[in-house]
Amino acid sequence: MSDLAGFFAMGGYGAFVWLSYGVTLMILVLVWAASVRRLKRNERALAEMEARR
Amino acid sequence: MSLFTGHDLTCIRGERRVFAGLRFALDPGGALLLQGANGSGKTSLLRLMAGLGRPAEGRIRWHDVDIADDCETHNARLHFVGHGDTVKPALSARENIAFWTDLRGGGDVEGALSAFGLGPLAAVPGRFLSAGQRRRVNLARLAAAPAALWLLDEPATALDSDSVARLRDAIARHRAGGGSVALSSHGGLDIPDAVPLDLTDFAEAAA
Amino acid sequence: MKRLDWFANPARFLRLARAVQPWATGIALTAAAAGLYLGLFASPPDYQQGESVRIMYVHVPAAWMALFCYTALAVASAVALIWKHPLADLAARATAPVGAAFTFLALLTGSLWGKPMWGTWWVWDARLTSVLVLLFLYLGYIALNGAFDDPARGAKASAVLALVGFVNVPIVKFSVDWWNTLHQPASVLRAGGPAIHESMFAPLLLMALAFKAYFVWVLLIRIRAEIAAGKIRAARLRASGDAAP
Amino acid sequence: MNPFLAIVRRDVRLAFRQGTDTLMTLAFFVIAVVLFPLGVGPEPNVLARIGGGVVWVAALLASMLALERLFQTDYEDGGLELLALAPMPLQIVVLAKVLAHWLATGLPLAVAAPVLGLLMNTPPDVFPVLVAALLLGTPTLSLIGAIGAGLILGARRGGVLLALLVLPLFIPVLVFGVSAVEMAAQGLSPKASLLILGAMALAALALGPWAAAAAVRQALE
């Protein structure tokens, strides 16, 4: 893999290829992050409720 | 063994257990008066008796046959009066009653109209009737077509004293003919020798 | 198994989730790494499309997942309606957004792949159109599921919709294919995509495995979040104690 | 009076006595079609080219308008409970209501379609196929629509939600409805498309009431 630039160019289709992989990664990470945030928020609220009872 | 029975019934309404372990028994000519605060499940129990949904636990039987096993026969033997008055504004009082009677294969519409004093209002469209009058039209269909079991959810609301008397007579006639009735009521409608069923007794079991 | 007391101790499920979670995460990450390496570095470009074919390693697995998740949604809905088990309701509610995300990804990467291949961002190709309809089925499910105050009502209504939708998916697919052949100008490059060269097969399967493991991973997180939300609702109801009759 | 006919008669009478259902559906149908020449331009052969599709899409949207109130008014005034408690299967009750809905909306759409065909400059010899396709397609729309109408009972913003739920399921009817008209326009035989439309109508007749009854029952629980 001598010329790194050639690799990124992807034979002229670089924009499309990297955009596809980039957006896929971004959306999958977003869905995962939203799910984890929701879990943490609910479990914290549950813990508070249990502590109060 | 009574005619219409319920065994350790549990009802869940909107993710909340309303009552648990509830039992009831009703014989021909009998009357069951549901009592309890708002939210104690009176409406829910009447709907379960009608078969509008299944109890979370327990069974309701008619002659030892679970009512869920054959809904259509159970529907054919009951009249249900809920909160809504089921009167269509565009149809006259007579047409409203005639429709519900046709659903049960015909009946005495004129007799029902007179039983609830609706003679003069027969041709009046629903949109001109008052709440009390619409309630009487809704109740009149009970008298039009015979049914063994009446399930009435606060039938006396919005009724004037004269109409309450007519309702009481209709219920008495129904029971005299061997029919049974289960109803919830906030006073104003005294039913002779009705068996009270206080739902709050079964609320603690639910907590 | 009643909805209420199940929330009291969903211990069995939580134990299972804790056991499976690390495996799902591990498989997802390693399979993705291997798939990306093979897909981006070690496999040859396509003789016709050149490097742009590499988009296939994300597009095709995403499209597979879109259909897989809808099938999982329909199965969970059927179990929820028939056996009335609350876990099935939660699984269905948790699956829908993930499935919708994969469907959206399939459409997006399909469009990004279509631009170099056909010169336009969107082609009314039979498969892309069917995936677009599938996205609307997902959105319909999610909207109906959340349109009720009582979550149990939303779950039941959307379960019926999922089953009705599932029965209609093949019919819609058939009608879109017919419509496509009806209006298909013969000259356009056959949209079947490149013949799969066996060296391309490995990255494709690895990415598909990575997506499935990712699905299990996120699904477990979302179900645990739903369980916590259920417990909060149950506790709040008990505390208030005077809900509507 | 047989109970099934009693429901059909009452609902048809309600639809015409309140006068809104049919008139509103037809008015929307006409307006929706009239918008296209205003948007696309009056160029006759362009309009002729897209005529079949425009009339079908407008008919599909129009038949969906009155769907929302198929069960809604009965649900609100407590009548739906009594219908569910009628001594007959709920599927038959749903079928009766769908038949009444079709008589009040689907049928008038099919009858009015040729007039709109003229607006879109479609050749008159296509009209019989257009009406036949609509007569075969609109029952399926009512049957599938009834499932959606049952599902949105008690939901917030039911109207918009109904469109999102049922429109994807209407696509097969649209595709084969339009293909029948276009085949006829090209002088080919529309038999294949009409047969498929008929098959879909029979399938919807078998599955629709059953699924809609399930939707209504879970709404009444």
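What you see below is based on every heavy atom in this structure, not just the backbone, and it leaves out hydrogens, waters and symmetry mates. Lettering of chains follows the sequences in order, A, B, ..., and the numbering in each one begins at 1.
- Distance check, rounded to the nearest 0.5 Å: CG of C:L81 to CD of D:Q218 gives 8.0 Å.
- Chain C forms the most heavy-atom pairs under 4.5 Å with one residue out of D:V160, D:L164, D:I147, and that residue is D:L164.
- Side chains of C:W178 and D:S179 form a contact here, defined as non-hydrogen atoms less than 4.5 Å apart.
- Residues D:L151 and C:A157 approach most closely at CD2-O, 3.3 Å, considering heavy atoms.
- Environment of CH2 in D:W210: sparse, with no more than 12 heavy atoms of neighbouring residues, nucleotides or ligands closer than 6.0 Å.
- D:L165 has its side chain within reach of C:L144: a pair of non-hydrogen atoms, C-beta onward, lies under 4.5 Å apart.
- Note that CG of C:L137 is 11.0 Å distant from CG of D:L167, once rounded to the nearest 0.5 Å.
- Between D:L207 atom CG and C:L163 atom CG the span is 12.0 Å, to the nearest 0.5 Å.
- Contact between D:L153 and C:F148 at its shortest, heavy atoms only, is O-CE2, 3.2 Å.
- C:W179 pairs with exactly one of D:I171, D:V178, D:V175 by the side chain to side chain contact (heavy atoms under 4.5 Å, CB included) rule, that one being D:V175.
- Heavy atoms of D:A219 lying under 4.5 Å from chain C belong to its backbone as well as its side chain.
- Neither the backbone nor the side chain of C:D150 comes within contact range of chain D; no heavy atoms are under 4.5 Å apart.
- Separating the CG atom in C:L139 from the CG atom in D:L161 is a distance of 11.5 Å, to the nearest 0.5 Å.
- Pairing each heavy atom of D:P168 with each of C:V133, the nearest pair is CB-CG1, 4.1 Å.
- Residues D:F176 and C:S175 meet the side-chain proximity criterion, which asks for heavy atoms closer than 4.5 Å.
- Within a 6.0 Å sphere centred on CZ of D:F28, heavy atoms belonging to other residues, nucleotides or ligands number more than 12.
- Note that CD1 of D:I144 is 5.5 Å distant from CG of C:N168, once rounded to the nearest 0.5 Å.
- Residues C:R153 and D:E221 are not in side-chain contact: their nearest non-hydrogen atoms beyond the backbone lie 4.5 Å or more apart.
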